[in-house]
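First comes the structure, then the notes that go with it.
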Amino acid sequence: MSGCEAVLASLEAELGWIGDTYIDLHRHPELSLEEQRTSKLVEGKLAEFGYAVTRVGGTGVVGVLANGNGPTVLARGDTDALPVTEATGLPYASAVDGVMHACGHDLHAAALLGAAKLMADGRAAWSGTYIALFQPGEEIGAGSQAMLDDGLVAKVPRPDVAFAQHVMPIPAGTVATTAGPVLSAADSLRITVYGKGAHGSMPHMSVDPVVLASAIVLRLQSVVSRETKPGDFAVVTVGALNAGATANIIPDLATLLLNIRTYDTHVRASVLAAIERIVKGECSAAGSPKSPEFEYYDQFPLTSNDAIVTEKVRAAFSAHFGAHSVRTAQRQTASEDFSRIPDAFGVPYTFWLLGGVDPENYRAAVERGTVAQDIPANHSPLFAPVIDPALSIGVQAHVVAAMSYLATEGATQ
Ligand code: ZN
Ligand code: ZN
């Protein structure tokens with residue numbers, strides 16, 4: 001038996017409490033950076049498993065299992081829920097009004113706890129250090145930064161490699177990986193442009209910010225179509241445009257809310273620079289009396305998987321799950337803040353996708369051509385990963401990835 005299979009030998013016996021933990025977390029979702037109950041639960045379990053447990057960044061929890069010489073592996077699970085009212089009708093649906101684990105972070109946390117237990121019980125089969133990191137506040141892009149601001153890098157051993165996974169609307173029983181960018185960088189931007197208010201009947205007395213903002217919205221359409229190299233990916237969305245309140249008053253300012261997604265740090269920099277240049281230029285053209293203001297918020301870094309780590313983990317997944325269960329991940333336009341953690345340590349990482357949809361339902365929806373309509377995606381009030389086999393596969397994926405680095409020499413993987 002390989003080291004990996006030795007660690008996984010007790011999986012069946014552990015799935016009971018892992019499933020109970022998932023259901024418990026699902027029933028008691030907590031919003032970003034308010035994960036008090038979840039953190040206490042995680043701390044208790046990790047301590048029981050023999051981990052050295054540290055609180056980092058408020059509701060962040062890190063468990064460290066030092067097990068002799070060898071590499072250090074960091075595995076991250078996120079823990080927060082969303083302000084969504086659950087509509088699944090499941091017997092274990094959220095017991096908290098208006099809050100739901102609609103992104104599967106409950107599954108990530110339960111799976112990582114399961115892996116942490118198996119790694120602790122199976123420590124005879126490996127050597128090195130295993131770090132299970134439970135990150136709060138992923139949905140608002142603030143949790144990994146909160147842990148870093150609280151000294152994460154100094155508080156835990158430096159990993160050699162870092163892993164994270166995310167349950168997605170792909171068939172349960174599969175995992176999907178890809179080298180390079182897998183999740184986009186995201187930036188939200190609030191822009192305030194200034195005009196000069198006047199009576200609606202006296203436009204010549206005004207600098208009309210409604211016209212100015214409209215010109216900006218149109219001109220911004222050229223950032224992707226005319227300034228971004230064909231083949232490079234970028235999204236620039238103006239999600240909100242607000243100015244004025246009544247028909248006969250020209251207001252004195254307008255605000256625009258933009259969302260920007262990119263897969264490349266250079267593309268990101270040039271898109272953001274183009275946006276600022278266009279806004280400033282239009283303000284100048286309009287005779288705006290005051291410089292525009294730019295406020296960036298809800299920023300997520302790029303998630304770009306290291307090629308060597310990804311290949312090693314993908315090979316281990318194929319050996320364990322069978323090649324047919326390991327897919328090539330499509331790049332997602334969604335975003336994550338996980339990569340700030342390995343980036344802060346300066347270490348490579350890989351982030352894989354975990355199937356959460358009943359395979360039969362998925363296949364039927366593909367045949368009908370209605371995947372987008374019939375398969376609830378992350379953040380939907382109907383989002384409901386199938387516990388079996390998604391949770392078990394999530395546990396196994398963490399163990400297989402970790403053991404591809406930690407298995408004791410001589411053990412085949
Ligand atoms: Zn989410
Ligand atoms: Zn998520």
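Throughout, numbering of the chain's residues begins at 1 and tracks the sequence. Just follow the structure's listing: the first ligand is 1, and inside any ligand the first atom is 1.
- Closest N/O/S atom of His166 to the Zn ion (ligand 2): NE2.
- Cation-pi geometry between Arg76 and Phe163 is not met at under 6.0 angstrom from the ring centre and within 45 degrees of the axis.
- A donor and an acceptor atom, one from each side chain of Ser335 and Arg261, are located under 3.5 Å apart.
- A cation-pi arrangement, defined by a distance under 6.0 Å to the six-membered ring centre and an angle within 45 degrees of its axis, is present between Arg331 and Tyr263.
- Lys117 contributes atom NZ, which lies 3.5 Å from atom CD of Glu14 (distance to the nearest 0.5 angstrom).
- You'll find the ring centres of Tyr405 and Trp126 outside the 6.0 Å limit.
- In this pair, Phe49 and Trp17 present their aromatic rings tilted. The plane angle is within the 30 to 60° band.
- Any protein N/O/S atom under 2.8 Å from the Zn ion (ligand 1) was counted, giving 4 altogether.
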